[in-house]
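Worksheet for the structure shown next.
Quick caveat: nothing in here was measured; it's all calculated off a predicted structure. All residue numbers in this chain count up from 1 along the given sequence.
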Amino acid sequence: MVTRLIPLLLLCLLPLKALALTQLQASVDRNPVTESEYFMLSVVADDELEAQALDTSALLKDFIVGRTSVSRSTQIINFDARKETRWQVMLAPKTTGQVTIPALSIDGVSSDAIELKVMPAGSRPEAQKNLFLRTSISAKEAYVGQLLTYKVKLFLAVELQRGVLSAPSISGAQIKQLGEDKESSEIVNGRRFRVIERSYGIIADEPGELAISGANFSGDVLVDTPRRGMFAFQESRPMQAQSDSMLVSIKPIPAEYHGDWLVSDLVMLKEEWDDKQTFEVGRPITRNLTLLASNADETSLPELKLSLPDNLKSYPEKAQRKTFVRDNQLVSQLTQTIAIVPSKPGSYTLPEIKVPWWNPHLKQQEFALLPARTIQVAPAADMPQPVINPPQEESNLSAGFWPWLTALFASLWLATCVLWLKARKQQAIAAPSTVLQAKASETQPGLAQACQQEDLSQVFKALKQELSDITGHSVTLDELPKLAPELAAVIAKIQASRYGKQGGDPAQYFPALLQAFERFKSQYSNAAGTASVLAPLNP
């Protein structure tokens, strides 16, 4: 029985012995290679091992050791298990000439040394590479604050599994990506490549030499790998590439330049107006100004400086900035919307708007101009005409001289006259006011009704109409500060809410407007009554 168990135990131990490490093979994906260009060193062990089992420190003498990936596989054929551990090491030669990859060892098992021929950088044609980078810049000379367009093209002849395209490293400048990546295809020396293009904007902060290190790519690609058997497989391989560095000369701001610094290929100013020939008092005029600059960053566009004549109030909104691409050129835009409210009729000239900028091609200062514009402002169409009352004939009756003996009779007669004149004048004041109010109510809503409807235009119309009815003459909003300071303060808040930068709901001030109006009407009526009582008597 024991003799039968011994062969069985030996059979069980045979597969364990087969799984021990017996062979270590090293190979490269190409030879010769190029200086500073990464190639793949593959080391394969015929056993399942830990990742740190392979020591690559011996490679640091002549190579830049990049990314290392480890994979394991197991094959079972006719109950024969074969395990494999594969290391893929990215290497870049430090020098040219003949370089040796030394033998690598694991547990006493060593690989063979590999003789490499390293050619100078750039000597290998791009068409023979599976992956490479090309870069370009819009100008080799620029000014401080000028936008430089740096383009990176990644050429791929193999399928990209994953990857990262990193921006160039720059000191003393701002850099940001412009737009989205573009994808196309190109043929290089008869070989078709997939091309991924990315653009960066670079703005130098200081004059001098600007050093731009090359952009770099790091990722994995799928390559065809021959395997034993009837099937061919694709495996993932890490790859890296880096473009050449470049220098750009940055010039300072020219001493002869005056104004806010803006350097661009072309700068334009344009405006949009309401399609009207004549404007009205109190009605806002919308003016849209647009500043366009080619090959300039949106943050470099200056704020538009505007000035207006007296009796024209401006309420500018916050400027809007954006960047877009047109005809393969980057265009920055600043849009400014302004509401202009005239307070008096007349002819007004809006001064020209001038934006200085520097033309780097002609090396001179230029100006984007909007010429002066003259506008006509007419009285508001709903403004009531002044009421002219015909002069009343004054009574020239003489009271005569009353005898001192009839003093008592005279006193009674005078008291009677005073009471009669007072009643007569009150009727004369009340009648026109009642007629005007009735006439106004037929044509337009009253102030309270207009406030209830939240119609700002009708509120102003009703307010001016009722003020004119109370005072007996035409009243404009410009007269309010002297006539009714409290009403003027509320009107100013309403206009600021409607046309101001912050914006808001003018209706929130309508209750305060009605209260101020009622107080003014009460005060004005009391003042008118006192004046009539104190008026000199001339019976």
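- Using a 4.0 Å cut-off between charged nitrogen and carboxylate oxygen, Lys251 and Glu141 count as a salt-bridge pair.
- Taking OG of Ser332 as the start and CG of Leu292 as the end, the distance is 9.0 Å to the nearest 0.5 Å.
- Minimum heavy-atom separation, Ala448 to Leu514: CA-CD2, 3.9 Å.
- Closest approach of Ser213 to Pro168, counting heavy atoms only: O-CB, 2.9 Å.
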For this session: Take Ile375 and Ile285 through the side chain to side chain contact (heavy atoms under 4.5 Å, CB included) test and state the conclusion after the steps.
Result: CA-CA 10 Å; Ile375 63 173; Ile285 307 169; 4.1 Å; yes

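- To the nearest 0.5 angstrom, Leu370 atom CG is 11.0 Å from Lys270 atom NZ.
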Exercise. So Leu156 and Asn130, side chain to side chain contact (heavy atoms under 4.5 Å, CB included) or not? Walk me through it.
Worked result: CA-CA 6 Å; Leu156 292 164; Asn130 289 328; over 6 Å; no

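- By the neighbour-count criterion of 12 heavy atoms within 6.0 Å, atom CD of Glu186 is densely surrounded, having more than that number from other residues, nucleotides or ligands.
- The local environment of CG in Asn288 is crowded, with over 12 non-hydrogen atoms from other residues, nucleotides or ligands closer than 6.0 Å.
- A donor-acceptor pair under 3.5 Å is formed between the side chain of Gln336 and the backbone N or O of Glu317.
- Gln177 contributes a side-chain N or O that, together with a main-chain N or O of Gly179, makes up a donor-acceptor pair within less than 3.5 Å.
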For this session: Please step through salt bridge (charged side-chain N to carboxylate O under 4.0 Å, His left out) for the pair Lys176 and Asp297, ending with a clear verdict.
Result: CA-CA 10 Å; Lys176 66 177 182 179; Asp297 187 67; 2.8 Å; yes

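- No donor-acceptor pair closer than 3.5 Å links the side chain of Glu272 to the backbone N or O of Arg287.
- Between Trp357 atom CH2 and Asp265 atom CG the span is 8.0 Å, to the nearest 0.5 Å.
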Atom pairs and distances, donor-acceptor, side-chain atoms in residues 196-204, under 3.5 Å, two or more places apart:
from	atom 1	to	atom 2	distance (Å)
Arg198	NE	Asp181	OD1	2.9
Arg198	NE	Asp181	OD2	3.4
Arg198	NH1	Leu165	O	3.0
Arg198	NH1	Tyr200	OH	3.3
Arg198	NH2	Asp181	OD2	2.8

For this session: Please test Glu366 against Asn359 for side-chain hydrogen bond (donor to acceptor under 3.5 Å, both in side chains), starting from the C-alpha separation and ending with a verdict.
Result: CA-CA 7 Å; Glu366 299 186 12; Asn359 190 326; 3.2 Å; yes

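- In this structure, Arg283 and Pro342 approach most closely via the heavy-atom pair O-CD, 3.5 Å.
- Gln146 contributes a side-chain N or O that, together with a main-chain N or O of Tyr143, makes up a donor-acceptor pair within less than 3.5 Å.
- Taking the centre and axis of the six-membered ring of Phe155, the NZ or CZ atom of Arg194 falls outside the cone set by 45° and 6.0 Å.
- Between the side chain of Ser243 and the backbone N or O of Thr135 there is no donor-acceptor pair closer than 3.5 Å.
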Problem set entry | Derivation of the side chain to side chain contact (heavy atoms under 4.5 Å, CB included) call for Glu206 and Ile250 | CA-CA 7 Å; Glu206 298 176 355; Ile250 305 299; over 6 Å; no

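- Within 6.0 Å of CD in Glu209 there are more than 12 heavy atoms belonging to other residues, nucleotides or ligands.
- Counting only distance, with no hydrogens or angles, the side chain of Thr471 and the backbone of Leu467 share a donor-acceptor pair below 3.5 Å.
- Side chain to side chain, Thr335 and Gln320 fail the donor-acceptor criterion of an N or O pair below 3.5 Å.
- Aromatic ring pairs are classed by plane angle as parallel below 30°, tilted from 30° to 60° and perpendicular above 60°; the pair Tyr257 and Trp261 is perpendicular.
- Within a 6.0 Å sphere centred on CE of Met246, other residues, nucleotides and ligands contribute more than 12 heavy atoms.
- Listed by first and then second residue, the side-chain hydrogen bond (donor to acceptor under 3.5 Å, both in side chains) pairs that reach into residues 367-378 are Glu271-Arg373, Ser347-Gln376, Thr349-Thr374, sequence neighbours excluded.
- Arg321 contributes a side-chain N or O that, together with a main-chain N or O of Leu301, makes up a donor-acceptor pair within less than 3.5 Å.
- For the pair Asp310 and Lys344, the salt-bridge criterion is not met [side-chain N within less than 4.0 Å of a carboxylate O].
- Taking each heavy atom of Leu148 and Ser138 in turn, the nearest pair found is CA-OG, 3.6 Å.
- Rounding to the nearest 0.5 Å places CZ of Arg134 at 8.5 Å from CZ of Phe193.
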For this session: Could you go through the side chain to side chain contact (heavy atoms under 4.5 Å, CB included) check for Ile175 and Ile212 one step at a time?
Result: CA-CA 11 Å; Ile175 182 170; Ile212 304 176; over 6 Å; no

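- A donor-acceptor contact shorter than 3.5 Å links the side chain of Ser264 to the backbone of Leu266.
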